[in-house]
Trainee: 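Here it is, the structure in full.
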Amino acid sequence: QVQLVESGGGLVQAGGSLRLSCAASGRTESTYAMGWFRQAPGKEREFVGRIKWTAGTTYYADSVKCRFTISRDNAKNTVHLQMNSLTPEDTAVYYCALDDRFVAGVGSYDYWGQGTQVTVSS
């Protein structure tokens, strides 16, 4: 089992920045990737970006590309989401998720955090 705990959410003005963190604990040895997702009120959850755990390569949704950056600290089993140039459209609950290569194969996010609220005021 893996536990994920997000932190760093809050209220920020448009144009500002926030940094979210997600700490993983438990059986993390077979982590393939960690991803960030978000869900705004009345909308479906959407993919934000992900980082491959070993290679460190990243991939982002078009809506956040060039504004958001995902990084990882392998030693601390932590992934960060640096969000810049925030707009009210970025308001959502942000979730981190972990893709375990030995649970349902690669490409499915098997463990999820509880989410952290990000609110961007205009």
Side-chain angles (χ1 to χ4, degrees):
Q1 285 291 330
V2 172
Q3 295 78 41
L4 302 176
V5 178
E6 300 102 335
S7 61
L11 174 65
V12 64
Q13 288 189 330
S17 299
L18 274 178
R19 186 187 193 220
L20 305 184
S21 297
C22 176
S25 61
R27 294 183 57 182
T28 60
E29 296 80 10
S30 52
T31 299
Y32 174 75
M34 290 188 71
W36 286 96
F37 294 77
R38 66 186 182 185
Q39 187 166 20
K43 295 187 177 181
E44 297 201 351
R45 185 174 62 197
E46 67 170 338
F47 170 80
V48 173
R50 68 101 174 99
I51 185 166
K52 289 188 177 180
W53 200 246
T54 301
T57 53
T58 54
Y59 179 80
Y60 301 94
D62 288 343
S63 58
V64 306
K65 202 174 293 183
C66 299
R67 298 189 299 124
F68 291 11
T69 303
I70 298 174
S71 61
R72 80 208 191 293
D73 183 335
N74 294 62
K76 296 182 179 180
N77 283 334
T78 299
V79 64
H80 305 286
L81 178 65
Q82 178 67 43
M83 305 184 293
N84 299 328
S85 302
L86 286 163
T87 74
E89 288 68 38
D90 295 314
T91 295
V93 177
Y94 283 71
Y95 300 89
C96 71
L98 186 146
D99 180 356
D100 186 318
R101 67 181 75 242
F102 295 139
V103 178
V106 165
S108 68
Y109 288 91
D110 311 294
Y111 302 100
W112 293 80
Q114 81 288 352
T116 186
Q117 176 71 46
V118 171
T119 303
V120 184
S121 64
S122 56

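Here, residue 1 is the first one in the sequence, and each next residue gets the next number.
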Trainee: What is the minimum heavy-atom distance between T54 and R72, and which atoms define it?
Mentor: O-NH2, 3.2 Å
Trainee: Is there a donor-acceptor contact under 3.5 Å linking the side chains of H80 and S71?
Mentor: no
Trainee: For A40 and A92, which heavy atoms make the closest approach, and how far apart are they?
Mentor: N-CB, 3.8 Å
Trainee: Under 3.5 Å, is there a donor-acceptor pair linking the side chains of Y59 and R50?
Mentor: no
Trainee: About how many Å separate CD1 of I51 and OH of Y60, when rounded to the nearest 0.5 Å?
Mentor: 6.5 Å
Trainee: So, D90 and R67, do they make that salt bridge, N to O below 4.0 Å?
Mentor: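 A salt bridge links D90 with R67.
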Trainee: Just how far is it from atom OG1 of T31 to atom NZ of K52, taken to the nearest 0.5 Å?
Mentor: 14.5 Å
Trainee: To the closest 0.5 Å, what do you measure between CG (L4) and OH (Y111)?
Mentor: 9.5 Å
Trainee: To check you understand the geometry: which heavy-atom pair defines the closest contact between S122 and P88, and what is its length?
Mentor: CB-CG, 3.9 Å
Trainee: What is the distance from atom CZ of R19 to atom CG of N84, rounded to the nearest 0.5 Å?
Mentor: 11.0 Å
Trainee: To the nearest 0.5 Å, what is the distance between CG on L98 and OG on S30?
Mentor: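 That separation rounds to 8.0 Å.
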Trainee: What I'd like to find out is whether the side chain of S21 reaches to under 4.5 Å of the side chain of E6, using heavy atoms alone.
Mentor: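 They are not in side-chain contact.
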Trainee: To the nearest 0.5 Å, what is the distance between CD on E29 and CG on D100?
Mentor: 9.0 Å
Trainee: Counting C-beta onward and ignoring hydrogens, is there a side-chain heavy-atom pair between F68 and L86 closer than 4.5 Å?
Mentor: yes
Trainee: Would the distance check show the side chain of D99 and the main-chain N or O of D110 forming a donor-acceptor pair, the cut-off being under 3.5 Å?
Mentor: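 Not at all, since once roles are kept as given, no pair shorter than 3.5 Å links the two residues.
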Trainee: Once ring pair (Phe, Tyr, Trp, His ring centres under 6.0 Å) is applied, what residue pairs with a partner in residues 23-45 remain, sequence neighbours excluded?
Mentor: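 Output for this query lists F37-F47, F37-Y109, F37-W112.
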Trainee: Can you find a pair of side-chain heavy atoms, one from T91 and one from V118, that are under 4.5 Å apart?
Mentor: no
Trainee: Taking atom types as modelled, find out whether T119 and Q117 have a side-chain donor-acceptor pair closer than 3.5 angstrom.
Mentor: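 Note: T119 and Q117 side chains meet the donor-acceptor criterion.
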Trainee: Can you name the one residue among L81, V79, I70 that meets side chain to side chain contact (heavy atoms under 4.5 Å, CB included) with L20?
Mentor: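 With L20 as partner, L81, V79, I70 yield a single side chain to side chain contact (heavy atoms under 4.5 Å, CB included), made by L81.
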